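See below for the structure under consideration.
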Amino acid sequence: MSINRRDFLKGALAGVTLLAAAAPAEARPNNTMPAEAVGLLYDSTLCIGCKACVSACKDANNMPAEFSMDEHYWDSPLDISGKTLNIIKIYKEGTGENKDQEKDGFAFMKVSCLHCVDPSCVSVCPVSAMTKNPVNGIVGYDKEICIGCRYCVVACPFGVPRFQYDTPFPQISKCQLCRHRLAEGKYAACATVCPTGATLFGKVEDLHGEAKRRVALKAGEMSEFPRGNINTHDQSSHTAKAAAYLPKIYGEKEVGGTQMLKLAAVPFDKLGMPTLAEQSNASISETMQHTMYGGLIAPLAFLGALTYAAKRNVKEDEHEE
Ligand code: SF4
Ligand code: SF4
Ligand code: SF4
């Protein structure tokens, strides 16, 4: 018995045609954000690069210092890692003299988990070690359940989850929006210490309103910028001149939205933020999986088509003998 290349290709083509016929025309809709979702608003134009948020994050999450210089005097991480959940990166161009200007300027960008509304890391985790809280939308991680497959590391469109390669019992490392502090009536440590309100905590709905207000400000206009937690009455504020904001709230639409929103005056791609579609990666991949493996109908149809081609070829062989 043999299957010649032509019959194999015919069978495969029939199977692919059946798969295509079974595939729905569109991916499932993006998941939506819970009404009580909380998050962060990071405003690059208010950030002064003091890195108080980086230290506070380490302290709040019991993370060790990380050294990038020969002298081990102080914590100096260059990126998020198994030991660092939050970092402030700097953009610099030309002379680097002017804050929040693309040319001959500089600007800051906070790098940490964005708490996607429809997160890929949750979608791909085979054991549900990554979960999205249905009430506040925080994307959390359970080290007791994790099997170390690192699918989440590969799936995250922002490159956030990191694996602790250098520890005897490695885990995935990523910001969990200080959920342990929320349980104690506190809020994100990075927002608590930020002196200018560049990192602001609160309900995403209210953060979004504040982001829209800022984008509508005229460049140079004096304004009050809330600090800490936008939803608490004891908050203080920071008075400053508004920068020339880009008319964009990053995270409003990217991959179906994120619970961390960002504002800037320098284009986001220059600040290291990827340009992404509005359709979530999770919705696309889950639709493909369900199409291909839903009831195993399509794979069985594919196998059937190949079997038919093989059998027909055997009959032809027998006829020729
Ligand atoms: S604490 Fe605030 S101002 Fe300082 S680096 Fe962090 S975000 Fe920027
Ligand atoms: S940014 Fe990455 S790690 Fe964070 S929720 Fe989104 S997919 Fe998950
Ligand atoms: S919310 Fe907490 S864990 Fe996340 S970056 Fe801020 S301080 Fe770090």
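The first residue in the sequence is number 1, and the count goes up from there. If you're wondering where the values come from, they're calculated on a predicted model, not measured in any experiment. Just so you know, ligand 1 is whichever comes first in the structure, and atom 1 is the first atom listed for that ligand.
In this comparison of V193, T192, N86, I48, the heavy atom closest to atom 3 (S) of ligand 1 sits on I48. Counting only non-hydrogen atoms, the option in S55, A188, C113, C178 that gets closest to atom 2 (Fe) of ligand 3 is C178.
Atom 2 (Fe) of ligand 2 has an N, O or S atom of C156 inside 2.8 Å of it. Among the atoms of C194, none of the N, O or S atoms falls under 2.8 Å from atom 4 (Fe) of ligand 1. For a distance bound of 2.8 Å, the N, O or S atoms of C190 include none lying that close to atom 8 (Fe) of ligand 3.
Looking only at atom types and distance, the side chain of S283 has no donor-acceptor partner in the side chain of R28 under 3.5 Å away.
Residue C57 approaches ligand 3 through these ligand atoms, each under 4.0 Å from one of its heavy atoms: 3 (S), 5 (S), 7 (S), 8 (Fe). Every atom of ligand 2 with a heavy atom of K174 under 4.0 Å away is listed here by number and element: 3 (S). With ligand atoms numbered from 1 in the order given, ligand 2 contributes 1 (S), 4 (Fe) to contacts under 4.0 Å with heavy atoms of L114.
At least one heavy atom of K51 sits less than 4.0 Å from an atom of ligand 1. The shortest separation from a heavy atom of R181 to ligand 3 is not under 4.0 Å, leaving the residue out of contact.
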For a salt bridge (Lys or Arg N to Asp or Glu O under 4.0 Å) check, start with the C-alpha distance between K262 and D43, then their side-chain angles and the critical distance, and finish with the verdict. CA-CA 6 Å; K262 297 187 179 191; D43 186 334; over 6 Å; no
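Residue contacts with ligand 3, taken as heavy atom pairs separated by less than 4.0 Å, involve K110 solely via side-chain atoms from C-beta onward. At a heavy-atom cutoff of 4.0 Å, ligand 2 is contacted by no atom of M130, backbone or side chain. At a 4.0 Å heavy-atom cut-off, ligand 3 touches N61 through the side chain alone.
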